[in-house]
Every structure is written in C-alpha cells, then in structure tokens.
Amino acid sequence: MKILVQKFGGTSVADLDAMKHVLGKVQKGLATHDKVIVVLSARAGDTNKLLALAQQWSAAPDKAESDCLVSTGEQVSIALFTMLLKDNGISARSLLSWQIPIQTNDDFGNARILDIDRDTLYKLLESYDVLTVAGFQGVTQDKRITTLGRGGSDTSAVALAAALDSCECEIYTDVDGVYTTDPNICSAARKMDCVSYEEMLELASMGAKVLHIRSVEFAKKYKVPVRVRSTFSDDPGTLVTKEDASMEAVLVSGIAYDKDQARVTLRDLPDIPGTAAAVFGPLSEKGVLVDMIIQNTSQDGHTDITFTVSRRDLPKTLEIMQSISEKIGASEILHDVNVAKVSAIGVGMRNHSGVAARAFTALTQEGINILMISTSEIKITILIQEKYVELAVRILHDTFGLDWDIA
Ligand code: ASP
Ligand code: MG
C-alpha cells in the first residue's frame, strides 16, 4: 500500500479559499498514492489567540490545561477540512491524537513523541482513503493532552510518516522551499532543490524557520525523505534527505544568522582546574543554554572566558554570574547585547580546507570585525556586531557562489 503523508501549515488552512488549495493537493496525492494521511496545523493566528486567552485567565496558566486549550486549534482545522473532503466525494475521517493514540511523555508544552499505534491507522485505512490528523498534539499514558512545542505539527507529520513506512512526507507551507539564506535580507537567495538532514538541522537551529527542528531529527533518525513545498504553487520544493556525493561537491549550501544572542565576558579568572565547571555548572542547573564559548590563553595564571546566551536569558545569566563572581574570582563581568551570529553551512566542508580563511578574508574586506569564531565539521560560525548582520550574510552568500546569477 502506497501511503503519502501531507502536512499543511496555518496559512494553508486559514480560510475556505486556502483550504480549497489544500483539497487540490490531497486530490493530487490520491492520484499517485493509495492512501493519504493529512496532518493539519491550527488556522493562522489561532494558536497565538488561544495562548493569549490562557494569559487573560491566569497569570501562570497550568501547563496541562494550557495544552488542553491550545491543542483545540488543530481540532477546528481537521473537522472543517474533513467536511470539505467528504463534500468532494472523498472518504475521510478526522483523528485527534488520543484516538490513534500518538503517545508522548508528560513534558507539557514541549512533549516528545514516544509511540504511535500504527495498527489503528492501518485498520482505519481499510475504510478510508484519507485520514485527517490533528498536528501538534499528543496524549500521555494517563490520557492527558500534550503539545509538542511551537511549530510541532511538522514533527507530528514526520513521526506519522516514519510509523507508516510511507514513501515521502510533504510539508506544505506558504513558501516554495528552503532557501540558501533569508530572501528578506538577501535578494540573491535561491531555493535549494535538495539539502541534507545535517545541513537542515544547522539551518533550522540557526533560525531558518521553515521546519520544526525536531521533525528534522526525526526524519534523519528514521530516514524519512521530507519535501518542503508551497500549497499555492506547483513548484517541487526542496527535498530534505540523506547526504549524497553531489551534495559534498558543494562547499557551502547555506548562510544562516541569529540575532538572539548576548555576549558575556568574565575577566581574570584563575586558570586552574574547575573554573569552567564553576561557571557553566550553575548556568545549566538554572536551564540557561550556552551557545558559543571561548577561553583565552593564560596570562600570569589568569584567563578570560567569553560565552553567548539567548537575549532573554541574559538577566538570569548576569544574576547567576554576580552571585558566583567572588567564588570564581572574576575581576569583572562584561556583557553586550548588540551582537549576532552568522554561519556558513555545508557538508562539503568535510573534505575541503580553506573555507574559514575565505570567509574571514571576505568579511575583513568590508571592515567587519569578528568577535568570536566557532567551527564544526560542517559549519563556521562568527559572532559580529548586530548592525553588520545583513551585510555579512550577503557577503558570505556571494563569496561562496550561492547568488542565483552565479550558480
Ligand atoms: N499550531 C501550532 C503552532 O502555531 C503548531 C504548528 O502550527 O505547527 O505553533
Ligand atoms: Mg511551521
């Protein structure tokens, strides 16, 4: 049995007109597959409205009740869309997570999928051509409703595709696919035909917001090919899939950036075993995620440590650093919020040297000062002043031959 999973985002189900485009895509899916599983998001804006409602009722909404509330957005979408399918002669029914079930842990607001009962789905597919499943939601073992985190419908779709051994998972949105960088700041950005899971993980974590990051992790783990495409065009979109030789021939496949960065520097720390642990231990205990870290070489037995955190975590970070500054022996605690990071990403970097040097040279020519550098096998990240982000993205995009007129 050939099964296709199609997921549609909030703008695709926003109103009746948009849903008619979705209907067209499902009909196309049925023309080439035996069955289609449709996963829907809440209509555009609905999840935000529900979250705001919870805030009106309670200063600190109960997490489980909040999930019970916000998960209703998807329920509206699947009921309305299934009516449309039936009116067009397609045998279909809607499914909430507990009706399958899609089982999750009880981390309300950010739950993880543990299991999907595929037998129920296969049984239902004997009677229906289309099953319309509410994205974003799950159910715990003791039957409480959970949600998977903002943007979580992508993960619902990929998890269903993995559970059903379907051939491909299509993620429909209002853009044509994944771009080499943000087209809003770089007009030369191009849509990629293909991108590896590893690259997509880096692009998504760096703020290329097309796909929920956990959905890419899921797709990678279960080898589900994911196609990101538009509901409103016939463009084949971007295929997110496992790496192949042709991908390695490309040095850099995308440039990402993230403005949600703040830099903290601790001056003159004693360069002895245990200093770094004394700094980062309390941060991790309080749930602060540290991104880049640099420790300087030692001078007279002392060293500086610089690291970055998300801007919203800066007050908490500074508070923690003040409270331990005497213990760790820092002479000064400095911070800067006007920083941002830019990354060049590509699996081709594994086999080629000189990428970092090329990036630094190009930035230097434009007079952009580099504050911090970190590298991994497939990524170079630099921290710069925020006001240079757009320029840096455009320069790197051009330097690595990504501009559409060169390729
Ligand atoms: N409706 C949820 C949200 O807005 C989940 C999703 O759309 O993927 O975050
Ligand atoms: Mg989304």
Side-chain angles (χ1 to χ4, degrees), residues 5-15 18-19 21-22 25 37-55 61 63-81 94-97 102 104 107-113 116 132-139 145-161 169-179 182-184 195 200-201 203-219 224 226-232 237-238 240 256:
V5 175
Q6 297 182 314
K7 180 258 168 180
F8 297 88
T11 47
S12 303
V13 292
D15 52 34
M19 273 202 197
H21 287 275
V22 176
K25 296 295 182 192
I37 307 283
V38 176
V39 179
L40 299 183
S41 284
R43 293 174 303 159
D46 276 8
T47 307
N48 287 344
K49 278 187 208 148
L50 290 164
L51 283 167
L53 202 59
Q55 293 292 341
K63 284 188 165 177
E65 297 310 336
S66 182
D67 275 3
C68 181
L69 175 70
V70 296
S71 65
T72 58
E74 275 69 14
Q75 181 164 352
V76 173
S77 298
I78 58 169
L80 290 172
F81 185 64
S94 63
L95 283 169
L96 294 163
S97 57
I102 297 176
T104 71
D107 187 4
F108 296 101
N110 196 30
R112 285 184 176 260
I113 296 177
I116 294 180
T132 318
V133 180
F136 185 47
Q137 56 174 261
V139 63
I145 303 292
T146 55
T147 63
L148 309 180
R150 297 307 305 269
S153 298
D154 297 341
T155 299
S156 310
V158 175
L160 282 160
C169 178
E170 296 183 324
I171 304 274
Y172 283 92
T173 175
D174 50 9
V175 293
D176 270 343
V178 183
Y179 278 69
D182 181 356
N184 295 316
V195 63
M200 194 60 216
L201 280 171
L203 286 166
S205 68
M206 286 292 298
K209 298 199 177 60
V210 232
L211 277 181
H212 193 224
I213 188 150
R214 211 138 11 100
S215 73
V216 188
E217 285 164 1
F218 233 100
V224 180
V226 174
R227 190 176 288 281
V228 180
R229 59 193 308 185
S230 168
T231 304
F232 307 102
T238 302
V240 188

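Worth saying up front: this structure is predicted, and the values here are computed from it rather than measured. Every number for a ligand or one of its atoms is a count from 1 in the order of the listing.
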Taking the side chain as everything from C-beta on, heavy atoms only, tell me whether Ser66 gets closer than 4.5 Å to Leu51.
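In contact.
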Neighbour list for ligand 1 [protein residues, heavy atom under 4.0 Å]
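Within the 4.0 Å shell of ligand 1, which is judged on heavy atoms, sit Ser41, Ala42, Thr47, Glu74, Phe136, Arg150, Gly151, Gly152, Ser153.
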Quick one: list whatever passes side-chain contact (heavy atoms from CB on, under 4.5 Å) with Arg112, sequence neighbours left out.
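Testing Arg112 for side-chain contact (heavy atoms from CB on, under 4.5 Å), a comparison that skips the adjacent residues, returns Asn105, Arg214.
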Contacts of Ala219 that satisfy side-chain contact (heavy atoms from CB on, under 4.5 Å) - sequence neighbours left out:
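Testing Ala219 for side-chain contact (heavy atoms from CB on, under 4.5 Å), a comparison that skips the adjacent residues, returns Val158, Tyr197, Val224, Val226.
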State which residue, out of His212, Lys7, Glu217, fulfils the side-chain hydrogen bond (donor to acceptor under 3.5 Å, both in side chains) condition with Thr155.
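The residue from His212, Lys7, Glu217 that satisfies side-chain hydrogen bond (donor to acceptor under 3.5 Å, both in side chains) with Thr155 turns out to be His212.
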Please work out which of the three classes, parallel, tilted or perpendicular, describes the rings of Tyr172 and Phe8, given edges at 30° and 60°.
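Aromatic pair Phe8/Tyr172 classed parallel.
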Contacts of Glu65 that satisfy salt bridge (charged side-chain N to carboxylate O under 4.0 Å, His left out) - sequence neighbours left out
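Checked Glu65 against salt bridge (charged side-chain N to carboxylate O under 4.0 Å, His left out); matches are Arg144.
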